[in-house]
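Some notes on the structure that comes next.
Letters go in sequence order (proteins before strands), and every chain restarts at 1. Because the structure is a prediction, the values reported are computed rather than measured.
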Number of protein chains: 6
Amino acid sequence: MLNEAAILAARGARKAINMEDVEEAATKVKLGPEKKRLQTKEERRMTAYHEAGHAVVSYNLPQMDPVHRVSIVSRGLAMGYTMIPPKKDRYTETQSHLLETIVALLGGRAAEQLIFNEFTGGAASDIDQATRIARRMVVDFGMSKLGPTYLGPQIETTEYGRNFIQPTEVSPEMQAKVDAEIKRIADESYQQALEILKKNKRKLDLVAEKLVEQETIDGDEFQKLMKPKISKK
Amino acid sequence: MLNEAAILAARGARKAINMEDVEEAATKVKLGPEKKRLQTKEERRMTAYHEAGHAVVSYNLPQMDPVHRVSIVSRGLAMGYTMIPPKKDRYTETQSHLLETIVALLGGRAAEQLIFNEFTGGAASDIDQATRIARRMVVDFGMSKLGPTYLGPQIETTEYGRNFIQPTEVSPEMQAKVDAEIKRIADESYQQALEILKKNKRKLDLVAEKLVEQETIDGDEFQKLMKPKISKK
Amino acid sequence: MLNEAAILAARGARKAINMEDVEEAATKVKLGPEKKRLQTKEERRMTAYHEAGHAVVSYNLPQMDPVHRVSIVSRGLAMGYTMIPPKKDRYTETQSHLLETIVALLGGRAAEQLIFNEFTGGAASDIDQATRIARRMVVDFGMSKLGPTYLGPQIETTEYGRNFIQPTEVSPEMQAKVDAEIKRIADESYQQALEILKKNKRKLDLVAEKLVEQETIDGDEFQKLMKPKISKK
Amino acid sequence: MLNEAAILAARGARKAINMEDVEEAATKVKLGPEKKRLQTKEERRMTAYHEAGHAVVSYNLPQMDPVHRVSIVSRGLAMGYTMIPPKKDRYTETQSHLLETIVALLGGRAAEQLIFNEFTGGAASDIDQATRIARRMVVDFGMSKLGPTYLGPQIETTEYGRNFIQPTEVSPEMQAKVDAEIKRIADESYQQALEILKKNKRKLDLVAEKLVEQETIDGDEFQKLMKPKISKK
Amino acid sequence: MLNEAAILAARGARKAINMEDVEEAATKVKLGPEKKRLQTKEERRMTAYHEAGHAVVSYNLPQMDPVHRVSIVSRGLAMGYTMIPPKKDRYTETQSHLLETIVALLGGRAAEQLIFNEFTGGAASDIDQATRIARRMVVDFGMSKLGPTYLGPQIETTEYGRNFIQPTEVSPEMQAKVDAEIKRIADESYQQALEILKKNKRKLDLVAEKLVEQETIDGDEFQKLMKPKISKK
Amino acid sequence: MLNEAAILAARGARKAINMEDVEEAATKVKLGPEKKRLQTKEERRMTAYHEAGHAVVSYNLPQMDPVHRVSIVSRGLAMGYTMIPPKKDRYTETQSHLLETIVALLGGRAAEQLIFNEFTGGAASDIDQATRIARRMVVDFGMSKLGPTYLGPQIETTEYGRNFIQPTEVSPEMQAKVDAEIKRIADESYQQALEILKKNKRKLDLVAEKLVEQETIDGDEFQKLMKPKISKK
């Protein structure tokens, strides 16, 4: 679980890996080599806003680790990526950090809706990861309204020594409650991501425009972009 | 997914492939050699309207690629085909383009109803493809009223290292919601296809009649047929 | 599908095959050799009315091909047979022809009810075939109130390259709607068969009596029997 | 089906076989050799009434073949048996004969209730057979309120040549209707058996007493016992 | 079934076997060798009351065979045992004897509740056996409110000679009715066991105390303990 | 079952093993070698409160065995552990002891909520174990409102000697009742754990602080910490 938690945290939103020095090497191994794809200008803008969405949402969540890099350079199957490596090993996960991770994962899709009123298939892996985390919260970790009961299938061997193995499944009725909780977590997290982006629309534009312009933004530059302008008044 | 999206886009409505030069060769490989079948005049008319339905609906959808060829020459199992090759690689799919693809796929069947108040079994593969796209929109892409939750089966390995693998299925209740969304998307898309054909009934007749007459219409000719007549006033 | 459609059409009601010259040979191959069974007079009458039911209903449906032969000579497992070979290849099926086929298939059973207020197990294969056609109309062809959605199981391979294959099933709720539609189609078709036989009761009696008398009626003779008597006034 | 129908008819109620000359031999082969079991007097009485129930109910049903022998000599697993061999080959089954068969099968259990207000496990195979017949009537033969639809699982191979085989199951909702019809047929048949035995209680006692006395009653003797006494007035 | 019935009867409540002479040998084979376990005084009391519960309840049921031995000597997995061997072979089971067997099986647990207001895991095998008997009564024997219908899965081979085998399952709705009947039988039997023990509380104490004192009570001694004291008045 | 009960008891809350002399050896074998992990101060505090929760709840339950050691030294996957070895072999489990075991298992999570209003993924194995015990109470032991019926799957071989094996499953409706009972037991036990910790908040703080300070508390020291201070007045 630590392993998985670490991976989830590492991935942050859309393909991100823990590395400092061997960065390029690691990036290549994990995400595949850079791929120059002939995207239209519109496609580049959508990718830029998607990644900016992950990054800006992450920035505004108290427990998320800092964004290490945002990019719209295609690697492997992904059109872009946002790297949010964990600052330290996490041995166990907390409910609040898992929820923030889900919010950050759905930040890309929220940006698509906010800016283009459109959805792309590129959010599929974000949705899949967010759902997996939400499922574990509900089924394994007792972190939902359903309380501290394990709600998944279990192997049972009867007490009479028969070698008959039958997984114990929860009832369709309980399954429906599990599904409803997972959906509730995802829906509320998505709303939270939307709220953050609405409040930080200018920053979102700023990051997306920079990405279209220079393709990649490193951590330091990203932090500067996100800081409130002093001259605002 | 890109691959699949490309295939979907390529297929457009009823068997269409990306090719420019090696067209005949490719056509033969994909659709099989031409087959002269002894269709009745009525059967030829129905096939002509079915293919014209795909083509005319496609033409009237803003994001669909241009129709490359419409034909009622039998190839393989198909009685006719409409080729709508993608103009460029699509790396990701958008909700609006997927919806238009479904509308175009159901255009053949809509023409059957509009003209003959009849349905043919030939629409089966159109319906199958449209349903597959709608299912992915709902289950994988979060492009429905059910929101950004992955709604399909998932493999889970429990955290205790047991090698027991059990797919996590959504509950019958959530499955029913997924089905209802898929049906809603298909029904609304079908109504949209019907609307387009009602508004463009003359053009539909024109294309169908040309098809009965000369069996195949190439892209340029099709574009000309579709243009509004200047002398209309 | 063409193949299947052809078979359905060929079978018409209760074992019928396409042949002109090699008729006896073909009949033997398909239905098995003639079997003299010691049926009681009552059993022969029931078989005669059952086959006459198929034939008379078929005759009164506009799209059904002409009856080629009706017989109460046992062949293989069947007590009798009605041959309705397709006049030409059907490359695709229409909703209206499929519905008429179902009505004709249930014509045997309708005759049993009308004349004897009794049902025989001999209608089992008619019911099975009618149900299969109705199921395809609903599930594959979008020819029901459920509209243009494919409503059967689908294989899905997830987008992450896992070789995990899981058929997607429709929900129990949608399955129930599919079942209700199939039942509705069968029930309405059965009522239609009953109506036809009520209106043509004299013809039904005529054919059944002729069958009891001479065991087999060929196409021409059948057509003559069905024609309205001029001297009726 | 003819085969099965023949077997059903042959079995009549509780183990009965078609034979005239090679009777003992056949009996031994089918039911196993005679077994002298040390039954208590009460057990013998219960067996006698159970078998008498089958025989007397059968006698009072117009379409049932005549009882050939009733016995409380144990053979194989059965405590007794009632032989009702078919008088002639039945090539197809009618609804009315199948219903009478179910009534006769439940006659043994009805006698247990009427006389002892008790049920024995010995009725299990009668119940199983009656249920199988009722299920076929509902699922295969369209002989229930559910009408002429086949209501069981079907293999389907999709039209695209995939070698994916998936049985089509009816929905849980339709399954529930099938179960309710089977139960209704069994319950009504049981009530009918009870009614027959109540009306023929004297004859039931007569046969049961004779069975306790002499263990076996042959067909002729049984017929005589069942005839109304002339000296009754 | 006779076999199973015999086993059930033999087992009576909690591990009991039919034997007279080779008693010790048989006991060892069936229950395993004696095991001296270091139970606390309280554990011994609970075991004593549990076994006394089986024995006293059995004694007060008219059809149960006489108790042959009660013991709190551990054998195999069991903490104690009550032997109720069948006095004679039972070739068939009656509803009333099966019900009494269930009541006796639940007598141990009823004693736990009555005396300690506590339940032990030791009743698990009693509950399992009682449930199996109740299930057979409902599913196979037609001995419940659901009447004479077989309510379990059935293998079916379709009539067209396909080698496709599919078990017919009852619907979830009917399954729920079966479960409710099984539960009703178990609950009512448990209440009956409780009633018997409340009325015979003194005898229960007597047997349990004797068991704590001398570990084993043989049949004759048990019968004497159960007889009403003459000097009571 | 004794085996399992022993294991459950031994484990107490979160990884605890029966050992006195070979303690270190056994600890290493069971929990793995000590692992120095770089936890933050906050993580150490959360682990300390989690383990203190198990220990303090256990202490306040009358039937739980005494706590042998509490520690926040990481071993294997666990961040900490609380050892509650059984004082003696338990041959059978009682309802009241099983319930207390569940309460103690959920004591860690209750402490997390009470102190941090947060949940950690570290409670997953506690929840899993608590659910397994609750399931057995409901399904196997008849220790719930559902009464003395076995509520799990059963293998059945039909009485006709067919080698067809089919597990009997309880209906979805009964499964839902089982799930509801398991959830009720877990929820009530969790509330009880919360109540105990609220009443003993000072002791909880004391133990957690001591753990942060010295990492491990042995049984004797723990008992002293838990004793009421005499100078309280």
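F:Leu146 and E:Lys183 make their closest contact through O-NZ, 3.2 Å (heavy atoms, listed as atom of the first residue, atom of the second, distance). Considering every non-hydrogen atom in both E:Gln175 and F:Glu169, the closest pair reads NE2-O, 3.2 Å.
Annotation: side chain of E:Asp187 is in contact with side chain of F:Pro148 (closest heavy-atom distance under 4.5 Å). Considering only heavy atoms from C-beta on, F:Ser171 stays 4.5 Å or farther from E:Met174 through its side chain.
E:Asp179 places no side-chain N or O within donor-acceptor distance of the main-chain N or O of F:Val170, the cut-off being under 3.5 Å. With hydrogens and angles ignored, the 3.5 Å screen pairs no side-chain donor or acceptor of F:Glu173 with any backbone N or O of E:Lys177. Listed for the F:Gln95 side chain is no donor-acceptor partner under 3.5 Å among the backbone atoms of E:Thr120.
How far OH of F:Tyr150 is from CZ of E:Arg135: 9.5 Å, rounded to the nearest 0.5 Å. Distance CE/E:Met46 to OG1/F:Thr94: 6.5 Å, rounded to 0.5 Å. Here F:Thr149 contributes atom OG1 and E:Asp128 contributes atom CG; the two are 11.0 Å apart, rounded to the nearest 0.5 Å. Put simply, CD on E:Glu118 and NE2 on F:His97 are 10.5 Å apart, with the number rounded to the nearest 0.5 Å.
Neither the backbone nor the side chain of E:Ala130 comes within less than 4.5 Å of any heavy atom in chain F. With a 4.5 Å cut-off on non-hydrogen atoms, E:Ile127 touches chain F through its backbone and its side chain both. Heavy-atom distances place both the backbone and the side chain of E:Phe119 under 4.5 Å from chain F.
A donor and an acceptor atom, one from each side chain of F:Thr92 and E:Glu43, are nowhere located under 3.5 Å apart.
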